[in-house]
Structure formats: structure tokens, C-alpha cells
Amino acid sequence: MKNLFRTETGNPLSMLFARLQTLAPQARTVLIASIRLEVPPRAIVGALAQQAEHAQQPFRILALKDDAGPHSNRPANSEKEPELIAAGSVDGVREALNAFNGWTFVQGGSLLTSPSTLRAAAACDGTLIVVARRRDMRSDVEEASSEIRRTGGAILGVVFAV
């Protein structure tokens, strides 16, 4: 798989953010979603937000209403509470994403079980897949990748979380 980024959750993701910057302006809206809900993407979203803030670039954090769940959606290491958006349709997500000039990090749910996360993948410029080391199988990553491509989405890379 192209663009494989390997990092530990909680460590700075400066290399990943630098790679995202090389893709800009083609990739200004990034969905960060996991294979399964056991590994929420909050830490990755928070680290990317920190990198954008450090680079003095405008950013915002969004979370999908359907995937909010009972837990806090605040990304780890971030003071910002994400703005909740409805993911009822791909066009609705696109409309919410296009209203901002800067980085938009969308905190998604499970790529294998959440239709709203797949709709967001189709609306975003690209998706970072968060994979749980020793939990998610290669076949899970391939299935999630296929689903993203089937909906018209693009994959920016894979991040291993521990």
C-alpha cells in the first residue's frame, strides 16, 4: 500500500503532517477513521491539530454526529471541542467541509461498520486509516480501503496505533 506512515499514538506526527502539506491544496480536508471503534482516532486528530497549530496554519476539527457515541469526542492533546456535523449525505458533508479555508480534520468512526464514515470518506480530499497493531488484520485494511475507493474516496495513508 502506498504512503505508509508508521507512528506511535501520542508521539508528534510532524512527518505525517509534512506529508499532508505536500499534498495541499489537493488534500485540505482529511478524514481520520479507524478500522474498528476500539481504536478511536482522537489521538491522531489531536496530534495533527497540534502540528497545524505549531505551523501557524488555520485548522478546525469536525466529528460526525452519527459516530459521536457516549464518549467525549475531544481529540487527545487538543483544547478544541470538535464541531459536530451530520453525515446524512455525501453532498451534505461536502457542504460542511467547503465552508472553511484551512485544514479540516474530520474525526470519523469505524470504516467497516459506519455508513456515515464512508460518506465522509467520499466527501473528504483523503482518508487516513488508523490501524490497531496486533488487532487489525491486513484483510481488514484491504476491505476498508476497498470500501473507501468504492464510495469515490481517496486514501492518504495508514497510521499504526498501539
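Computed from heavy atoms alone, side chains included, the values below leave out hydrogens, waters and symmetry copies. None of the values given here were measured: they were computed from a predicted structure. Each residue takes its place number in the sequence, starting with 1.
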Exercise. Please report the shortest heavy-atom distance between Ile61 and Ala49, naming the atom on each side.
Key: CD1-CB, 3.8 Å
Self-check item: Closest non-hydrogen atom pair, Gly108 against Pro41
Solution: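 It is O-CG, 3.3 Å.
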Would you call [X] and [Y] a side-chain contact if the rule is heavy atoms closer than 4.5 Å?
X	Y	value
Arg119	Thr151	no
Ile32	Val159	no
Leu111	Glu147	no

Could you measure the distance from the [atom1] atom of [X] to the [atom2] atom of [Y]? Nearest 0.5 Å is fine.
X	Y	atom1	atom2	value
Leu118	Ser110	CG	OG	8.5 Å
Asp136	Ser34	CG	OG	8.0 Å
Ile148	Leu156	CD1	CG	9.5 Å
Gln51	Phe105	CD	CZ	9.0 Å
Ile35	Glu143	CD1	CD	8.5 Å
Trp103	Glu53	CH2	CD	15.5 Å

Quiz prompt | CA sep, side-chain torsions, deciding dist, call: Gln57, Arg28, side chain to side chain contact (heavy atoms under 4.5 Å, CB included) | solution = CA-CA 11 Å; Gln57 294 190 14; Arg28 295 295 278 187; 4.0 Å; yes
Quiz prompt | Given Ile129, Asp140, Val158, the one that forms side-chain contact (heavy atoms from CB on, under 4.5 Å) with Ser145 | solution = Ile129
Quiz item: With distance as the sole test, does Thr117 use its side chain to make a donor-acceptor pair with the main-chain N or O of Gly109 at under 3.5 Å?
Solution: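 Looks like yes, one N/O pair under 3.5 Å.
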Practice problem: Determine yes or no for a side-chain-to-main-chain donor-acceptor pair under 3.5 angstrom, with Asp125 supplying the side chain and Thr29 the backbone. | Solution: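 Yes, because the side chain of Asp125 sits within donor-acceptor range (under 3.5 Å) of the backbone of Thr29.
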Quiz item: Do Arg60 and Thr104 have side-chain atoms, one donor and one acceptor, less than 3.5 Å apart?
Solution: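 Distance-only check passes for Arg60 and Thr104.
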